[in-house]
Protein chains: 2
Amino acid sequence: MKRICVVEDEELVREELSSMLEKSGYIVSTVDSFDDVTSDILKSSPDLVLLDINLPNMSGFQICRELKNKSSVPVVILTSRDDLRDELNALELGADEFMTKPYRKERLLLRISNVLKRYEGRSNLIEGPGFLLDKLTYTLYIDGTSVILPKNQGKIIEVLLRKRGEEVSRQEISEEVWGTSEFIDENALQVNLTRLKKTMASLNMNCTVVAVRGKGYKIVELEE
Amino acid sequence: MKRICVVEDEELVREELSSMLEKSGYIVSTVDSFDDVTSDILKSSPDLVLLDINLPNMSGFQICRELKNKSSVPVVILTSRDDLRDELNALELGADEFMTKPYRKERLLLRISNVLKRYEGRSNLIEGPGFLLDKLTYTLYIDGTSVILPKNQGKIIEVLLRKRGEEVSRQEISEEVWGTSEFIDENALQVNLTRLKKTMASLNMNCTVVAVRGKGYKIVELEE
DNA sequence: AATTGAACTTACATCCGATGTAAGGAAACC
DNA sequence: GGTTTCCTTACATCGGATGTAAGTTCAATT
């Protein structure tokens with residue numbers, strides 16, 4: 001059962017969409033206040049967001065951008081204007097589909113199920129500079145190929161990615177890799193870091209891990 | 001530089017599409033005979049296929065199906081009829097986009113670049129019933145999670161998937177797993193097959209591997 | 001239902017990649 | 001220059017994946 005969040009201010013349309021989606025077997029949530037929409041949306045942890053462009057307070061584009069920054073949820077955009085610039089805009093912001101009203105029921109449903117299918121298995125991916133990482137398997141996707149990282153290297157790069165760009169203390173890394181209770185073996189950590197750097201280099205990644213003296217480590221992009 | 005193969009029988013339209021795509025920085029190939037279209041298309045190893053539905057000899061749908069069976073190239077379908085059934089049909093066959101003529105130039109280009117973007121890093125995935133398999137890492141994507149298969153199990157499931165549904169001889173499987181020159185150890189193969197079945201079951205996959213007495217093995221979907 | 005070959009199961013041995021350990025070397029900071 | 005911090009290398013160990021062996025179940029044929 002997939003969850004869909006409908007973001008639409010006109011109650012009539014919202015009701016219609018909801019009932020249609022529910023009939024098709026989706027679990028539907030909606031947002032009623034439009035103050036802090038993105039958080040509201042993400043609270044229901046939807047598998048997909050159906051987003052109207054013309055909303056009070058904030059433009060749909062803005063919401064789309066925020067959603068894509070904070071999460072990797074797929075977004076389908078609805079609009080009443082058939083404007084190419086809107087579409088261009090939307091897709092550049094990372095929207096996954098773009099439909100103009102009046103929509104045909106079946107077509108909308110089709111597009112939705114299509115987007116969902118496309119996203120299958122992608123919910124565990126986190127994004128790094130120029131690559132994707134699967135948090136479950138530590139599979140690294142980079143320029144059309146994929147490689148599996150050894151568990152420890154995967155854990156390290158994951159914790160570094162979570163604080164993208166900011167430094168992470170050895171302590172934090174150790175906790176991620178071996179669990180908090182254990183004694184922290186500085187050396188083992190060191191060796192694993194070296195190994196990670198080596199694999200990153202051998203993959204020609206455009207980023208690497210650098211030490212911040214006395215503080216910890218961080219990921220930095222490197223320009224050639 | 002991405003390569004696009006344009007499949008369209010009307011010369012005028014074909015020319016127009018080609019020049020448009022070339023202006024946008026794509027390398028365009030076309031097919032002139034319509035006898036063995038799919039092989040012709042794949043010979044140019046395109047990054048995307050732009051496919052007209054109404055063609056001599058074979059329907060565009062048929063071509064789409066064959067393309068998707070033999071490869072994982074993305075397909076964008078063009079049609080002059082604005083028929084929802086066509087669209088449904090096309091998307092079920094695995095088409096990635098569907099556009100009705102007359103198309104707006106910019107919109108078509110947008111969709112194409114979008115599909116290409118979507119495929120980045122996905123070229124190693126092959127589709128099975130209810131799951132995806134990364135051919136490089138043997139990572140299995142299934143209901144929103146991912147698991148890494150042991151190499152041998154991965155190789156076996158890969159060769160079975162290539163002939164989706166059809167039986168594959170032990171010989172073929174052995175060649176895939178150990179290479180053709182080696183002596184084929186029936187027993188080792190047997191054990192690995194058992195292991196694969198076990199992992200598939202433990203993942204609650206809706207398909208399994210069955211023996212075809214005297215012939216080999218095949219993947220079948222199982223209804224509960 | 002007895003036979004027979006095909007298909008399967010289980011337990012154990014081996015191997016190889018991933019990880020940990022140890023000791024010494026380079027770099028940055030004062 | 002001395003000290004601290006960070007890094008490198010080689011080797012030992014461990015565990016999951018694979019191979020091996022022996023025996024059991026299944027199903028087609030008579």
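Within every chain, numbering begins at 1; the chains are lettered A, B, ... in the order of the sequence lines, protein sequences first and strands thereafter.
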A/Leu189 CG to C/dT19 C1', straight-line distance once rounded to whole Å:
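For the pair A/Leu189 CG and C/dT19 C1', the rounded distance is 13 Å.
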
Would you call B/Glu166 and B/Lys218 a salt bridge, using N to O less than 4.0 angstrom?
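Salt bridge absent between B/Glu166 and B/Lys218.
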
Protein-nucleotides 8-12 of chain C N/O pairs under 3.5 Å:
from	atom 1	to	atom 2	distance (Å)
C/dC8	OP1	B/Lys197	NZ	2.9
C/dC8	OP2	B/Tyr217	OH	3.0

Do A/Ser146 side-chain atoms and A/Ile142 backbone N/O form a donor-acceptor pair below 3.5 Å?
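No: the side chain of A/Ser146 does not pair with the backbone of A/Ile142.
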
Are the side chain of B/Asp96 and the backbone N or O of B/Val75 linked by a donor-acceptor pair below 3.5 Å?
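Confirmed, B/Asp96 side chain pairs with B/Val75 backbone.
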
Listing time: all N or O pairs from protein to nucleotides 25-30 of chain D that are below 3.5 Å?
none

Verify the contact: side-chain N or O of B/Trp178 to OP1 or OP2 of D/dT18, cut-off strictly under 4.0 Å; return yes or no.
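It does not, given that no N or O in the side chain of B/Trp178 lies less than 4.0 Å from OP1 or OP2 of D/dT18.
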
I want to check something: taking the side chain as every heavy atom from C-beta on, are A/Trp178 and A/Ile173 in contact at a cut-off of under 4.5 Å?
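Contact flag for A/Trp178/A/Ile173 side chains = no.
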
Heavy-atom side-chain proximity of A/Thr38 to A/Asp36 below 4.5 angstrom
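Contact flag for A/Thr38/A/Asp36 side chains = yes.
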
Within a radius of less than 6.0 Å around NZ of B/Lys197, do more than 12 heavy atoms belonging to other residues, nucleotides or ligands occur?
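Enclosed.
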
For the helix from C/dA1-D/dT30 to C/dC30-D/dG1, measure the angle between the helix axis at one end and the axis at the other, each built from five pairs, rounding to 10°.
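It comes to 40° between the two terminal axes.
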
Need to verify one output field. Residue with the more 5' nearest nucleotide on DNA chain D, B/Ile148 or A/Lys215?
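Result of the comparison: A/Lys215.
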
In Å, rounded to the nearest 0.5 Å, how long is the span from CD of A/Glu97 to CG of A/Leu78?
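Answer rounded to 0.5 Å: 10.5 Å.
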
